[in-house]
Amino acid sequence: MEPYRNHLGQPVGAPISDWTARPLPPRTAMSGRFCTVEPLDPARHAAQLFGAYAEDAEGRMWTYLPWGPFATLAAYRQWAETASGIPDPFFHAIIDKESGQAVGVAAFLRMEPNVGVIEVGGIAYSPRLQRRPAGTEAMYLMMRRVFDELGYRRYEWKCNSLNEPSRAAALRLGFQYEGLFRQAMVTKGRNRDTTWFSVIESEWPALCAAFERWLDPANFMADGTQRRSLASLRARAV
């Protein structure tokens, strides 16, 4: 595709007509079939989350995060109180509808409403949420808020380049690999190279359709096993 050119013949970006700054995410819940995603409230969620995280006896889920693990409920609650008291990152608790318990967190962060860019991160899924439909649905609900409700243009996912499960999750969820930022951070006293992924607004309609087909009750057998994978439904939607 030939680039747009200005009056000097130089290549320039496509025009964005009638662009206005987008609103910040509201402090309201997002509800689906398997889960509800709502603003983190330490008084309601901290004890439930600490109990769910305790099931990761080895502490594997904390290796690539800049915080954790937490030895006591008091320590986790202190983190949750700090995290919930700042606007960016904007942390949410993920509530499993079957149990009614908070089983993980995720955040909107690096929010740039003037240019329509927002990142999802700070994702800490307990064993009760890992590889469960609610975990996928939570990511869909947050993405739907960003694109459909708020009208952002770009949704980012960044992770430690050595975090293979996070890289695989980004690709499964439809994010596109963009590159490697070397020596981008120091985390827990170690170098971190950061891998970048994104979804942009033009990719969202097909991706949304794939999510909705995957989440459809008809896609799950009686024991909860999926009939079609999200990856196969994404390929079909292209």
Side-chain angles (χ1 to χ4, degrees), residues 22-23 25-26 28-39 52 90 92-109 116-159 163-178 195-238:
R22 310 317 302 153
T28 56
M30 299 163 268
S31 186
R33 177 183 169 212
F34 298 103
C35 73
T36 299
V37 183
E38 61 188 34
F90 177 12
H92 293 70
I94 300 166
I95 314 301
D96 173 58
K97 282 200 166 180
E98 185 175 359
S99 67
Q101 298 287 300
V103 290
V105 300
F108 291 130
L109 66 155
V117 177
I118 196 166
E119 179 181 342
V120 62
I123 300 169
Y125 279 14
S126 76
R128 299 179 193 175
L129 188 55
Q130 294 168 11
R131 303 181 69 83
R132 305 289 174 87
T136 298
E137 185 178 59
M139 293 295 98
Y140 159 72
L141 291 171
M142 294 181 75
M143 208 179 300
R144 186 177 70 179
R145 169 153 288 182
V146 164
F147 287 118
D148 287 350
E149 296 180 32
L150 302 177
Y152 277 66
R153 303 178 61 234
R154 172 180 168 87
Y155 193 52
E156 298 178 336
W157 177 298
K158 301 167 190 169
C159 65
N163 188 347
E164 185 175 350
S166 183
R167 298 198 320 266
L171 294 172
R172 174 180 173 269
L173 294 169
F175 287 81
Q176 301 296 309
Y177 172 77
E178 291 190 328
T195 304
W196 284 44
F197 301 86
S198 74
V199 175
I200 58 175
E201 59 183 341
S202 61
E203 297 162 345
W204 170 241
L207 182 54
C208 178
F211 273 120
E212 291 179 350
R213 285 195 295 270
W214 188 83
L215 291 164
D216 191 297
N219 190 46
F220 294 90
M221 294 186 280
D223 64 357
T225 304
Q226 66 179 5
R227 297 181 187 276
R228 296 285 304 275
S229 69
L230 181 58
S232 69
L233 292 169
R234 284 182 31 245
R236 178 181 169 190
V238 174

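This chain uses plain numbering: 1 for the first residue, then up along the sequence.
- Contact of the R33 side chain with the L215 side chain is not registered, since no non-hydrogen atoms from C-beta on lie closer than 4.5 Å.
- For F108, the ring pair (Phe, Tyr, Trp, His ring centres under 6.0 Å) partners at least two apart in sequence or on another chain are H92.
- Between P26 and R145, the closest side-chain pair of non-hydrogen atoms falls below 4.5 Å.
- For N163, there are no side chain to side chain donor-acceptor pair (under 3.5 Å) partners, not counting sequence neighbours.
- With respect to E137 and K97, no salt bridge is recorded, no charged nitrogen being found less than 4.0 Å from a carboxylate O.
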Verdict with supporting geometry, L207 and M143, side-chain contact (heavy atoms from CB on, under 4.5 Å): CA-CA 10 Å; L207 182 54; M143 208 179 300; 3.7 Å; yes

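- Using a 4.5 Å heavy-atom cutoff, the side chains of L230 and L173 are in contact.
- Two residues are said to be in side-chain contact when any heavy atoms from C-beta on lie closer than 4.5 Å; F147 and P205 fail this criterion.
- A donor-acceptor pair under 3.5 Å is absent between the side-chain atoms of R167 and the main chain of C159, judged by distance alone.
- A search for side chain to side chain donor-acceptor pair (under 3.5 Å) contacts involving Y140 returns R144, E212, not counting sequence neighbours.
- Residues Q226 and F220 form a side-chain contact, since some pair of their non-hydrogen atoms from C-beta on lies under 4.5 Å apart.
- Q101 pairs by the side chain to side chain donor-acceptor pair (under 3.5 Å) definition with nothing, not counting sequence neighbours.
- Taking the six-membered ring where the residue is Trp, W204 and F211 present tilted rings, their angle falling between 30° and 60°.
- At distances below 3.5 Å, at least one donor-acceptor pair connects side-chain atoms of Y125 with backbone N or O atoms of G135.
- Residues F34 and T136 fail the side-chain proximity criterion, which asks for heavy atoms closer than 4.5 Å.
- A donor-acceptor contact shorter than 3.5 Å is absent between the side chain of E119 and the backbone of L109.
- Listed by chain and number, the residues in a side chain to side chain donor-acceptor pair (under 3.5 Å) with T225 are D223 (sequence neighbours excluded).
- The list of salt bridge (Lys or Arg N to Asp or Glu O under 4.0 Å) pairs with a residue in residues 195-211, not counting sequence neighbours, reads R153-E201.
- Side chains of M139 and I123 form a contact here, defined as non-hydrogen atoms less than 4.5 Å apart.
- C35 places none of its side-chain heavy atoms less than 4.5 Å from the side chain of L129.
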